[in-house]
Chemist: 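I'd like to ask you about the structure that follows.
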Amino acid sequence: MALSEAEVRHVARLARLALTDEEVAALAPQLTDILGYAEQVGEVAADEVEPTVHPFALANVVRPDERRASLPRQDVLAAAPAVEQDRFAVPRIVAEEG
Amino acid sequence: MTALTQLDAGTLVARLTAGEVSAREVVDAHLARIAEIDGVVADGPVWAAAPADELGAEHTHAFLAVTAEAARAHADDIDIRRAAGEPLGPLAGVPLALKDVLTLRGVPTTCGSRILEGWVPPYDATVSQHLRRADVVVLGKTNMDEVAMGSSTENSAYGPSRNPWDLDRVPGGSSGGSATAVAGLLAPLAIGTDTGGSIRQPAALTGLVGAKPTYGTVSRYGLVAFASSLDQAGPFARTVEDAARLQAVIQAHDPRDSTSVPDPVPDLTAHLRDGVQGLRIGVVTELQGEGYEPGVAAAFAAALERFERLGATVVEVSLPHAPYGLPAYYLVAPSEASSNLARFDGVRYGLRVDAPTAEQMNAATRAAGFGPEVKRRIMIGTHALSSGYFDAYYLQASKVRTLIAEDFRAAFRSADVLVSPTSPAVAFGLGTKTADPLAMYLNDVATVPASLAGIPALSLPAGLAPAPDDSDTALPVGLQIMAPLLRDDLMFRVAWAFEQDLGFVPRPTGPRAVEVGR
């Protein structure tokens, strides 16, 4: 199945990637090629097969519900691009009413 | 006298224990060699000192950051504790190169990407803690394909590493910097990570031993995630025994990794020298033939004869779904990557490109921080997981994984271990495969089936083959050995017997090889 440039732009939006027009033009045929190759998995009759996500049959792993020390706040915030009032600072997410 | 940089880890441990050499002398010898041939000009991150386009074609560029000061201090500490008669770890004083995908507290981790440039992790990966406990001396962080996506290290945002066997060729990838460090005698040991072949293929292309342990036996805590159901850290070394000893050091259940396997791991060295007499070596029908270079095929055929001479029985086995391994891998891995890499959003760490809204900031940051291959795989994965495609892509690929795992279980009923060439090609020239992403992916054809099944697999040298494009240059060929889940011990045992009989010395030769002494 060929991917159109419009579809590439849609997927880029979902992936939060601001692609240039040149990147979109290059990616459309590349993704079509790669997905066309990957689509070979559809040739396998696997309706009754359970999917594998881990080679061992591990059940959910939970730890005891006990308080533990976390990383010091200042160590974590030291790596952040922008900090305000001991928190990660980001651009406005919710638009002001107007 | 043999230079300290030419010694394997086992020999170094013996000489350190005997007091014939100090840890400081060993570390200084390796730091001097790094300064000589790797292109590093100062302590600290090389990317801060030399932009990628200024790195010379005469340098190996294995390291992204060299932690010389910390390494010397660590070595001095080991020497003091040894002199005081204190108990030391099993690899005390042996230098190691750590792939820049694993965190080491206080040392920048880039993952070969601009998106993490300047990030200083506030914690150690579990693997790093195990190394410290073993008294291994970390020399620095090694170059890699960005976020571990690639088979040549050309996708690094900081320039490619160069193969010590021929500086105009790639060392493989994604753990190409780790392979280059060990093959170039910059370190006797290195840690890499393997998602679809990223330890085994570079080991094959640089004449080393490289192992992907059973999935879940080495903690992924502190390993920057690419494809969580596949990623596994493992050893690079110049001998099978060194690789087994390093893997033993990093293998342990870890409550901080929910995919960590609680089962006990067999002792990797107790039966190392038991030989292959009476073992059944399974040749996988689907992992040979068309697509493998003639030199690779010839070395593989010779390897099978060698196993028979050593008293093993060579049997043909089939993995009927193996041809679907690569297509399944290129759905599973990018899908998981698209989810994992969502964390790089310009908020908590790494790069941020400012923009008026949060979504624009996220998208601009990721556009500036990720290179072309990472963007490509995020796009494949996002598409494969998007509404209407999940069942046909990720789910179907995960079912194919089950069938491949069942194929392996069936094959291991008629063979003790399975073998194949590690890579269809010997080391190729820089820039020769970058134009066609799909052609680059085919490097993984023989390594991904074991990854999808989670079984242990390693590559070790099977000899040399002429480069297809240059008959004057002989390059290493890798032999892959695959074993059942948690039978990493058997994998190393078979590898050791083969290595001893072959007598391969991993010393680069050829007109464009790095100087390695006698």
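Lettering follows sequence order; numbering is per chain, from 1. The model shown is predicted, which means the values in this text are computed figures rather than measured ones. All values below were derived from every heavy atom in this structure, side-chain atoms included, with hydrogens, water molecules and symmetry-related copies excluded.
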Chemist: Quick check on B:Ala453 against chain A: is it the side chain, the backbone, both or neither that has a heavy atom closer than 4.5 Å?
Modeler: backbone
Chemist: A side-chain contact here means heavy atoms from C-beta on lying under 4.5 Å apart; do A:Asp75 and B:Tyr123 qualify?
Modeler: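 They are not in contact (no side-chain heavy atoms under 4.5 Å apart), so the answer is no.
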Chemist: Any pair with a residue in residues 52-71 of chain A that passes side-chain hydrogen bond (donor to acceptor under 3.5 Å, both in side chains), sequence neighbours left out, goes on the list, sorted by first then second residue, please.
Modeler: A:Thr52-B:Thr402
Chemist: Search all heavy atoms of A:Pro81 against all heavy atoms of B:Gly346 and return the closest pair with its distance.
Modeler: CG-O, 3.4 Å
Chemist: B:Val332, B:Asn362, B:Val347: which one forms the most heavy-atom pairs within less than 4.5 Å of chain A?
Modeler: B:Val347
Chemist: For the residue pair A:Val61 and B:Ser258, what are the closest heavy atoms and their distance?
Modeler: CG2-O, 3.4 Å
Chemist: I need the A:Asp33 CG to B:Tyr441 OH distance, nearest 0.5 Å.
Modeler: 10.5 Å
Chemist: Tell me, for A:Leu71 versus chain B, whether the close heavy atoms (under 4.5 Å) come from the side chain, the backbone, both or neither.
Modeler: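 Contact with chain B is through the side chain of A:Leu71 alone.
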Chemist: Let me confirm one number: the CG-CZ distance from B:Asp345 to A:Phe88, rounded to the nearest 0.5 Å.
Modeler: 9.5 Å
Chemist: State, yes or no, whether a side-chain contact exists between B:Tyr329 and A:Val41 at a heavy-atom distance under 4.5 Å.
Modeler: no
Chemist: Tell me, do B:His383 and A:Leu3 make a side-chain contact under 4.5 Å, heavy atoms counted?
Modeler: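 In contact.
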Chemist: Testing the basics here: between B:Gln396 and A:Ala46, what is the closest heavy-atom pair and its distance to 0.1 Å?
Modeler: NE2-CB, 3.9 Å
Chemist: Answer whether the closest heavy-atom distance between the side chains of A:Leu19 and B:Met379 falls below 4.5 Å.
Modeler: yes
Chemist: Measuring heavy-atom distances to chain B, does A:Val62 have an atom under 4.5 Å in its side chain, in its backbone, in both, or in neither?
Modeler: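 A:Val62 has no heavy atom closer than 4.5 Å to chain B.
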Chemist: Counting heavy-atom pairs under 4.5 Å with chain A, which one of B:Gln360, B:Glu336, B:Lys375 comes out on top?
Modeler: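 Option with the greatest count: B:Lys375.
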Chemist: Between B:Pro334, B:Ala358, B:Ala355, B:Gly454, which residue shows the highest count of heavy-atom pairs closer than 4.5 Å to chain A?
Modeler: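 Most heavy-atom pairs under 4.5 Å with chain A: B:Ala358.
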Chemist: Less than 3.5 Å apart, any donor N or O on the side chain of A:Gln40 or B:Tyr324 sitting next to an acceptor on the other?
Modeler: no
Chemist: Identify the two heavy atoms, one from A:Pro51 and one from B:Leu395, that lie closest to each other, and give their separation to 0.1 Å.
Modeler: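 Here A:Pro51 and B:Leu395 meet closest at CG-CD1, 3.9 Å.
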Chemist: Is the CZ atom of A:Arg9 crowded by more than 12 outside heavy atoms at less than 6.0 Å?
Modeler: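 It does: A:Arg9 CZ has more than 12 such atoms within range.
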Chemist: Non-hydrogen atoms of chain B under 4.5 Å away: do they reach the side chain of A:Leu14, the backbone, both or neither?
Modeler: both
Chemist: For the pair B:Tyr389 and A:Leu35, evaluate side-chain contact (heavy atoms from CB on, under 4.5 Å) and give the outcome as yes or no after the intermediate values.
Modeler: CA-CA 11 Å; B:Tyr389 294 101; A:Leu35 287 165; over 6 Å; no
Chemist: Could you tell me which non-hydrogen atom of B:Ala367 sits nearest to which non-hydrogen atom of A:Ala18, and how far apart they are?
Modeler: CB-O, 3.1 Å
Chemist: Any non-hydrogen side-chain atom of A:Pro55 less than 4.5 Å from a side-chain atom of B:Leu485?
Modeler: yes
Chemist: For chain B, which residues from residues 21-30 of chain A have at least one heavy atom closer than 4.5 Å to it?
Modeler: A:Glu23, A:Leu27, A:Gln30
Chemist: With side-chain contact (heavy atoms from CB on, under 4.5 Å) as the test, would you mind laying out the steps for A:Ile34 and B:Arg376 before giving the verdict?
Modeler: CA-CA 10 Å; A:Ile34 296 164; B:Arg376 200 150 40 231; 4.1 Å; yes
Chemist: Does atom CD of A:Gln74 have more than 12 heavy-atom neighbours from other groups under 6.0 Å away?
Modeler: yes
Chemist: Give the member of A:Glu7, A:Glu50, A:His10 that has the highest number of heavy-atom pairs under 4.5 Å with chain B.
Modeler: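 Most heavy-atom pairs within the cutoff with chain B belong to A:Glu50.
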Chemist: Examine whether an atom of B:Pro356 lies under 4.5 Å from a heavy atom of chain A, and if so say whether it belongs to the side chain, the backbone or both; otherwise answer neither.
Modeler: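 Answer is backbone: N, CA, C or O of B:Pro356 sit under 4.5 Å from chain A.
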Chemist: For chain A, find which of B:Leu230, B:Ile378, B:Leu326 contributes the most heavy-atom pairs closer than 4.5 angstrom.
Modeler: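 Between B:Leu230, B:Ile378, B:Leu326, the count favours B:Leu326.
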Chemist: Side-chain contact test, heavy atoms from C-beta onward, threshold under 4.5 Å: evaluate it for B:Thr357 versus A:Pro91 and give yes or no.
Modeler: no
Chemist: Between A:Glu43 and B:Val400, does a side-chain contact (heavy atoms from CB on, under 4.5 Å) hold up when you go through it step by step?
Modeler: CA-CA 10 Å; A:Glu43 297 167 8; B:Val400 170; over 6 Å; no
Chemist: Between B:Glu359, B:Met361, B:Arg401, which shows the greatest number of heavy-atom pairs under 4.5 Å with chain A?
Modeler: B:Glu359
Chemist: What part of B:Pro255 gets within 4.5 angstrom of chain A, counting heavy atoms only: side chain, backbone, both, or neither?
Modeler: neither
Chemist: Please report the C-alpha distance between B:Arg352 and A:Val90 in whole Å, then the side-chain angles of each, then the deciding distance to 0.1 Å, and finally whether the side-chain contact (heavy atoms from CB on, under 4.5 Å) criterion is met.
Modeler: CA-CA 10 Å; B:Arg352 173 184 293 190; A:Val90 292; 4.0 Å; yes
Chemist: Of all the heavy-atom pairs spanning B:Tyr215 and A:Phe56, show the shortest one and how long it is.
Modeler: O-CE1, 3.5 Å
Chemist: Using non-hydrogen atoms and a 4.5 Å limit, figure out which bit of B:Leu442 sits close to chain A: side chain, backbone, both or neither.
Modeler: side chain
Chemist: For the interface with chain B, which of A:Leu77, A:Val11, A:Val53, A:Val83 has the highest count of heavy-atom pairs at distances below 4.5 Å?
Modeler: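 Option with the greatest count: A:Val11.
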Chemist: Of all of B:Val120, B:Thr259, B:Thr214, which one pairs up most often with chain A through heavy atoms under 4.5 Å apart?
Modeler: B:Thr259
Chemist: Where the side chain of B:Arg366 meets the backbone of A:Arg16, is there a donor-acceptor pair that is under 3.5 Å apart?
Modeler: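 Looks like yes, one N/O pair under 3.5 Å.
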Chemist: Atom CZ of residue position B:Arg256 - does it have more than 12 heavy atoms of other residues, nucleotides or ligands inside 6.0 Å?
Modeler: yes
